[in-house]
Each structure stands twice: as C-alpha cells, then as structure tokens.
Amino acid sequence: TDYRAEFDTLVDSLVRKAKADPRLDERADVLSILIRARYDDGTAMTTSDLADELLTMLAAGHETTATTLAWLVERLRRHPKVWDRLVAENEAGDDELRRATIYETQRCRPVIDFAGRTVLAETLELGPYRVPRGYKVIVGLDLIHSDDRVFPEAERFDPDRFVGQHPDLYSWVPFGGGVRRCIGAAFADMEMNVVLRSLLTDFQLVPTDARDERFHNRGVASAPHKGGLTLVHRR
C-alpha cells in the first residue's frame with residue numbers, strides 16, 4: 001500500500017503538470033493521450049483512473065516483456081551455437097531466426113503460465129464436461145507448451161521449430177488466446193525483436209555451462225531465479 005500511495009502521488013503530480021501545459025492537445029505521450037480520452041458520456045478519466053491505466057501498462061506491458069528478454073538471454077548463453085547463427089543472420093540483414101528464437105523462448109519459458117476465466121453462462125460445455133455457472137476454468141499454458149504431442153521434444157530449446165512458420169495461436173499461447181488474447185502481443189514481439197537485434201549488433205554474449213536458471217515467481221511474472229545474469233563484451 002505504501003508503494004501504491006507513492007505511485008499515486010507521482011501520477012497526480014504528472015497529471016497536474018500535463019494539464020497545465022498549454023500545448024497538451026499537441027502532445028503524443030501516453031499520459032497526455034489518456035488525459036484527452038473521453039468515455040461514451042463525454043467525461044474524462046479521474047486521476048485515480050489514470051493511475052490504474054498507467055499501472056496496468058507498467059505491470060502487464062513492461063514487466064512481462066522485460067522478463068521474457070531476461071529468459072532470452074538466459075537461454076542464449078546456454079546455446080552458443082544459436083547465438084552464433086543469430087549474429088551471422090543479423091549481419092546479413094535478416095531476422096527470420098531472430099523471430100523464431102523469440103517465439104521459442106516464449107514457448108519454453110512463458111512468463112505467465114496460466115489463464116483463468118469464470119463461467120458466466122448457465123453451463124459451459126468443455127469436451128466431455130459441463131461446467132456450472134460461477135466455476136472458474138484455469139488453463140495451464142505451460143502444460144500445453146511442454147507437451148511432446150504438441151511440440152516434439154518439448155524440453156529441447158529449438159528455435160528452428162518456428163523457422164519458416166508462424167506459431168499456431170491455439171497451441172502457442174504465451175499471450176493467451178481467443179478474443180481475450182493480449183492486446184499488446186504484436187508490440188511486445190516488436191520490442192523484443194529490436195532489443196535482441198541491438199544485443200547482436202553491439203555485444204558478444206559469453207556462453208556458460210551453468211545449470212539452467214530456475215523459475216522464480218514474482219507475483220506477476222515467472223522470472224529467471226538470478227535475473228538472467230550474463231556476461232558480455234562490446235563488439
């Protein structure tokens with residue numbers, strides 16, 4: 001609660017400053033856009049509403065992407081041959097393997113490993129089951145990603161499984177699925193692609209034979225236990 005109070009105070013200060021800006025209508029930052037937004041009845045968001053929106057973007061948008069990048073580094077340090085191929089591809093100006101590597105990291109190290117929904121209909125027909133209203137259905141995303149029937153040799157880190165093809169959105173589900181699939185999925189993939197390209201261009205990743213880092217649950221996302229600790233040299 002102390003952290004939230006500090007966050008709300010900071011947002012209140014930023015909102016006041018933005019609203020006092022005579023050029024607010026010309027600003028393109030996220031806060032200014034939210035301040036100018038209106039509900040269907042024409043009313044603006046309260047400062048509390050704005051704080052909630054910004055916190056959601058920070059927790060759901062930034063932390064999950066940053067955590068996936070930490071896993072990406074953790075995986076690549078332990079698979080130097082993939083790293084070398086990525087470097088060569090980057091120098092050639094291509095990105096097919098780079099995208100596939102991001103997809104594979106999201107498959108084998110999903111930062112959100114389950115999704116849940118509450119049944120609102122009288123009953124939900126789910127395979128041979130009839131789930132009554134009010135019950136919650138929890139989908140184990142990691143169970144799908146680690147199923148050899150869906151992804152052969154699922155325990156193996158193998159970006160080539162996605163080279164030349166886009167992941168199937170009913171079996172590769174790090175962003176959830178259906179109408180409630182994460183609205184920021186494309187943006188997150190673009191961010192990770194840009195960051196990985198920068199790493200490949202500017203740094204040399206030092207490989208390691210250390211054991212895989214364990215999953216560490218941080219409440220929102222499952223991160224590498226040591227944070228994806230790595231050693232690099234500038235190119």
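Just so we're clear, the structure is a prediction, and the values are computed from it rather than from any experiment.
Remark: side-chain polar atoms of R77 are not paired, donor with acceptor, to backbone N or O of A210 under 3.5 angstrom. At distances below 3.5 Å, not a single donor-acceptor pair connects side-chain atoms of R27 with backbone N or O atoms of R23. Judged by distance alone, the side chain of H145 and the main-chain N or O of R107 form a donor-acceptor pair under 3.5 Å.
Applying the ring pair (Phe, Tyr, Trp, His ring centres under 6.0 Å) criterion to W71, with sequence neighbours excluded, gives F215.
Heavy atoms from other residues, nucleotides or ligands lying under 6.0 Å from CZ of R4 number more than 12. D41 CG: more than 12 foreign heavy atoms inside a 6.0 Å radius. Heavy atoms from other residues, nucleotides or ligands lying under 6.0 Å from CD of Q165 number more than 12. Atom CZ of R16 sits in a sparse spot, with 12 or fewer heavy atoms from other residues, nucleotides or ligands closer than 6.0 Å. More than 12 heavy-atom neighbours from other residues, nucleotides or ligands sit within 6.0 angstrom of CZ on F7. By the neighbour-count criterion of 12 heavy atoms within 6.0 Å, atom OH of Y39 is densely surrounded, having more than that number from other residues, nucleotides or ligands.
Salt-bridge check for E89 with R85: failed, with every basic side-chain N at 4.0 Å or more from each acidic carboxylate O.
F175 belongs to a hydrophobic cluster whose other members, connected by ILVMFWY side-chain contacts under 4.5 Å either directly or through intermediates, are Y103, V150, F151, F162, L169, W172. Through side-chain heavy atoms spaced under 4.5 Å, either directly or across other Ile, Leu, Val, Met, Phe, Trp or Tyr residues, I144 is tied to V139, L141, V173. When hydrophobic side chains of Ile, Leu, Val, Met, Phe, Trp and Tyr are connected at separations under 4.5 Å, I138 ends up clustered with F114.
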Taking distance alone, no hydrogens or angles, what donor-acceptor pairs closer than 3.5 Å link side-chain atoms of residues 195-206 to residues at least two apart or in another chain?
from : atom 1 : to   : atom 2 : distance (Å)
S198 : OG     : V194 : O      : 3.1
T201 : OG1    : N90  : ND2    : 3.0
T201 : OG1    : R197 : O      : 2.8
Q204 : OE1    : R235 : NH2    : 2.9

Considering only distance and modelled atom types, tabulate donor-acceptor pairs under 3.5 Å from the side chains of residues 125-134, sequence neighbours left out.
from : atom 1 : to   : atom 2 : distance (Å)
E125 : OE2    : R130 : NE     : 3.1
R133 : NE     : L120 : O      : 3.1
R133 : NH2    : E122 : OE1    : 3.2

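Under 3.5 Å, the side chains of D49 and T46 contain a donor-acceptor pair of N or O atoms.
Side chains of K17 and S13 form no contact here, defined as non-hydrogen atoms less than 4.5 Å apart.
Heavy-atom minimum distance, G228 versus V73: O-CG1, 3.9 Å.
In the hydrophobic cluster analysis, where Ile, Leu, Val, Met, Phe, Trp and Tyr join through side-chain heavy atoms closer than 4.5 angstrom, M45 is grouped together with L24.
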